[in-house]
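Remember, it's a predicted structure, so these values are computed and weren't measured experimentally. Reminder, nothing fancy here: chain letters follow the sequence lines and each chain counts from 1.
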Amino acid sequence: MKPMAEPSSETTESDIPAHRYSAALAGAIEAKWQRHWADKGTFDAPNPKGALSQGFDRMADRTRFFALDMFPYPSGSGLHVGHPLGYIGTDVYARFMRMTGHNVLHTMGYDAFGLPAEQYAIETGRHPRATTDANIANMARQLERLGLGHDRRRVLATTDTGYYRWTQWIFLQLFDSYFDAAVGRARPIDVLIAELDNGDREPDAGTIEPGIAWSDLDAVARRRVIDAHRLAFVSEAPVNWCAGLGTVLANEEVNAEGRSERGNFPVERRPLRQWMLRITAYAERLLADLDLLDWPEPIKLMQRNWIGRSTGATVTFASDSGAPDVEVFTTRPDTLFGATYVVLAPEHELVDAWTADAWPEGTPDEWTGGASDPATAVDAYRTLAARRSDRDRQAESDTKTGVFTGSFAINPVNGDPVPVFIADYVLTGYGTGAIMAVPAHDDRDFAFAKAFGLGITEVVHPPASWFAEQGLEDGAAIQRWPGAFTGDGVAVASANDDISLDGLAVPEAKTTITAWLGVEGVGRATVTYKLRDWLFSRQRYWGEPFPIVWDDDDLPHPIPADQLPVLLPEVDDFTPRVSEDPDALPEPPLARAEDWVHVTLDLGDGPRAYRRETNTMPQWAGSCWYELRYLDPTNETVFVDPEIEAYWMGPSGPGESGGVDLYVGGVEHAVLHLLYARFWHKVLFDLGHVSSVEPFHRLFNQGYVQAYAYTDDRGFYVPASDVVEQPDGTYTFNGEPVKREYGKMGKSLKNSVTPDEMYEAYGADTLRLYEMFTGPFDQSRPWNTRDVIGVHRLLQRIWRNVIDESTGAVTVTDDAVDDETLRALHRTIVAARDGFTSLRFNTVVARITEYNNHLVSAVDAGIPRDAIEPMVLLLAPLAPHIAEELWERLGHDSSLAWEDFPVADESLLVAETIEIPVQVNGKVRGHITVAPDTDPVALEAAARADAKVAALLDGVETKRVIAVPGRMVNFVV
RNA sequence: GCCGACGUAGCCCAAUUGGCAGAGGCACAUGGUUUAGGUCCAUGCAAGUGAGGGUUCGAGUCCCUCCGUCGGCACCA
């Protein structure tokens, strides 16, 4: 390839040297090399086999490296300069890894299903696919202009039929398997059926009516039992139903006021039949395997909190009037003697059974909700609770509400009858949906007991310090406690004829009472999780259709794998059905595609009529496995060839998780995406489809680019680019003072800066370098357009060290490199390797700048080739276009992307002499110049020989001398 | 309320992981180049590390308390 044509210098700016590294020149260089990389497939990563395997034999001595970015949603507004920060960092690292002997896989995709495209379609009538494809094209253009070293053969979008075919296939894997608790992993559903038929096992509790045997069931009933075991199953679940939008919303689409983010319509809780994925079965493994991962601790902590494992006991409370036993979950079984009432969630299945016919004698008025009988009170309360969203409940969490059922339960440790309430501070989805209330030792129970005048019994005695903090004298009576005591103390008043906890500390009391409950058959140790099953249905158009049809018995059937994908049908109207009837069920847009919904299929027992499932999958589905498809994107037979998966993601050794070598993205996906993807991956692992236990071995959270925004005196945002800073530190817009705030970059804040503006003004290499330079990769930093010029100047100076600005001639010499420069170079190589390896790219830029400044000041005419070529290689991962151009002009005929990264010569890193400080009592009092390896004895002698130090030490006793070779000497006097 | 991260020149950030607080950039100042301008060149300028206490010969770094900024969770029994 020849050097590119130089830009014309016949402009009015005739005095600017024709070959200066300007935005125009940068743009021409960048276009040239982007074309070169694309034409040559420079960043194609060879697979060990299959369609993308050409060139793999040359990778024999290389280690695989899989770098992954959290792929973007292709939004209509395009990118601002904050978006690519992570992509640039990953690219820099990937390029560095390629230059250090790795076979690097790095590509990009688009998470392209989702609500915005659908909403836009509703507003404009344009098909979501049209807008999505246009948005992807625009975003691809913006990203390509950055010079990211992606393997373009692997680029995909979740909306590609060739992709969502496999998303549907994975759903069917979930549908066709169950979690075998005995072995702790998923197995094919056929195994379960065989075991049930053979009588080798019983159906799981809750999947079959108590007292009914498998062998008693007919075929349809058996199918229902089987279906209840599947990892993908249908369940009646309360959802955020938004009548105004005609759809169910995800929690994050509901604002704090319980209204929809889009449209501001009211949202209410409503039970709906929904597809669920049994992620809760994996709670323990999702928790335990975090230990295998190289992830930031805060992210692991957030996942642990989200999974929310807690240990405690299930305790059985019998009724005093014949209602079925109710089980409660508690983490404090040690306080059982202090349980003075029981609360069921309003949705608890036993509420009706526990609701008495009439109020018992002496029921306080405030327990009845003003109703004449318990059934009326309970019904009214349940209706009220059902309408309240979770957010409503939380917002009023300090005011406890509830009603008495009219029934009493028997406390199993002391036989006391305790009143049974329903209250929405008890949640149906956690534990057993029922609690024993110990107001003395639980804040929520305390508040409820105070509101309803219930008994409060002290069973853990607080330490004196607690009483002091409450402003009470030691041992004050419980009636005067301002709140519950939830800390560690000694059990009191906790004995019956059989067992006594009195005098035991909390942990011992827990184990003692739990053991006793087990012996008595009224309780057992239990582990519960906050994690809920994953609600997987959306009443939307722009998502993956479920590969499921329903038969006349209302049983779901999978579409055979060879008939996938189930394509989205064309519909005329994406508008949700808005119903006046508050109890109307939602109608998904797909339900209106009548021809599509009603099909005749042969699923193995001859052609039959079926109805298609009309919900679609949530946006999370496509991002649960895209890293796997990158590996083998063209495979039509399997979602990823096992050998290819093992090559790129397989564990590196025993006890290793395997998975992506570096996954870069924002903390906002700390929980949901990362948890869902881990779950899918583990299912695929259990079923033998992948060799890695975890999808993402190393996770790195890049910081955000933030920006200042300014508001005028009316509170309106003004364009940030036109705000002027005044000498006194205040800011003005059109001469009027404005207020500065700091936060995200975005259109509505009028502080967006686009990559396109930066390409225009400086070029892509400058933008890349600036984003990498402004701070450590994992730290957020403000955008300051004003500062960009600094790194642009750096590139200009580097350019000028190789190229004559006026003639364009290469000016390097073949002279030997002087010793000082050589040492500086090798120190820079060490620093660059270290900075790249640790993802502290800002320090690499600083050290390259330092070295280049040295070259500028140390050399008058022509810099030795051997001083400049290694620096071009150091720069290459950060600013690849200018580096390639300089590399070529320096006489190399192939891309430096595959060159070896420079290695420092150790012998040049050791200085002949160093200057170290001499301290007296920790204060620097002088300096001595010594050889780096001078031993402590010689160091002390040299220090004492220093005139200033000697003067300070004269006549005083030195108590101690600390001499650290290569560091410092300290005299303690 | 609970959990977590972060506070170093006017601004963005370094600091061999407990060893001389300053590498790099912006801004600023002076000079040069230029008819002029600055996306040009050169030289120069700056804080004692949010506050207080502790450990240590020695603390930006480790520990405690407080303050501030940002993020996550929030009736999970």
Could you go through nucleotides 59-70 of chain B and list every protein N or O atom that sits under 3.5 Å from one of its N or O atoms, giving the distance for each pair?
none

(request) Can you tell me the pairing partner of B/rG10 across any strand shown, Watson-Crick or G-U wobble, with both distances under 3.5 angstrom? (result) B/rC26

(message) Do the side chains of A/Glu284 and A/Arg309 get close enough for a salt bridge, i.e. N-O under 4.0 angstrom?
(response) yes

(request) Output yes when A/Glu30 and A/Arg768 qualify as a salt bridge under the 4.0 Å nitrogen-oxygen rule, no when they do not. (result) no

(message) Whether the side chain of A/Lys959 and the base of B/rC57 hold a donor-acceptor pair under 3.5 Å is what I'd like checked.
(response) no

(request) Check whether any side-chain N or O of A/Tyr425 sits under 4.0 Å from OP1 or OP2 of B/rA77, and answer yes or no. (result) no

(request) Name the closest nucleotide to the A/Pro298 side chain, picking from B/rG24, B/rC20, B/rG4. (result) B/rG4

(request) Name the closest nucleotide to the A/Ile789 side chain, picking from B/rC75, B/rA77, B/rU39. (result) B/rU39

(message) With salt bridge (charged side-chain N to carboxylate O under 4.0 Å, His left out) as the rule and sequence neighbours excluded, what pairs involving residues 842-857 of chain A come up?
(response) A/Arg847-A/Glu850

(request) Find which nucleotide of RNA chain B each of A/Thr849 and A/Tyr762 is nearest to by heavy atoms, and output the residue with the more 5' nucleotide. (result) A/Thr849

(request) Let me know the distance between OH of A/Tyr430 and P of B/rC73, rounded to the nearest Å. (result) 18 Å

(message) Under a 3.5 Å cut-off for both contacts, is B/rC73 paired Watson-Crick or G-U wobble with anything, and if yes, with which nucleotide?
(response) B/rG1

(request) Provide the Watson-Crick or G-U wobble partner of B/rA51, both distances under 3.5 Å; none if there is no partner. (result) B/rU65

(request) Compare side-chain N and O positions of A/Arg847 against OP1 and OP2 of B/rA23 and report whether any pair is under 4.0 Å apart. (result) no

(message) With a 3.5 Å limit on both atom pairs, tell me what B/rC57 is paired to, counting Watson-Crick and G-U wobble, or say none.
(response) B/rG19

(message) Looking at A/Arg793, I'd like to know whether one of its side-chain N or O atoms comes within less than 4.0 Å of OP1 or OP2 on B/rC26.
(response) yes

(message) Which nucleotide, if any, forms a Watson-Crick or G-U wobble pair with B/rU33, using both distances under 3.5 Å?
(response) none

(message) What does the B/S/- profile of nucleotides 12-19 of chain B look like, 5' to 3', with a 4.0 Å heavy-atom cutoff to protein?
(response) SSSSB--B

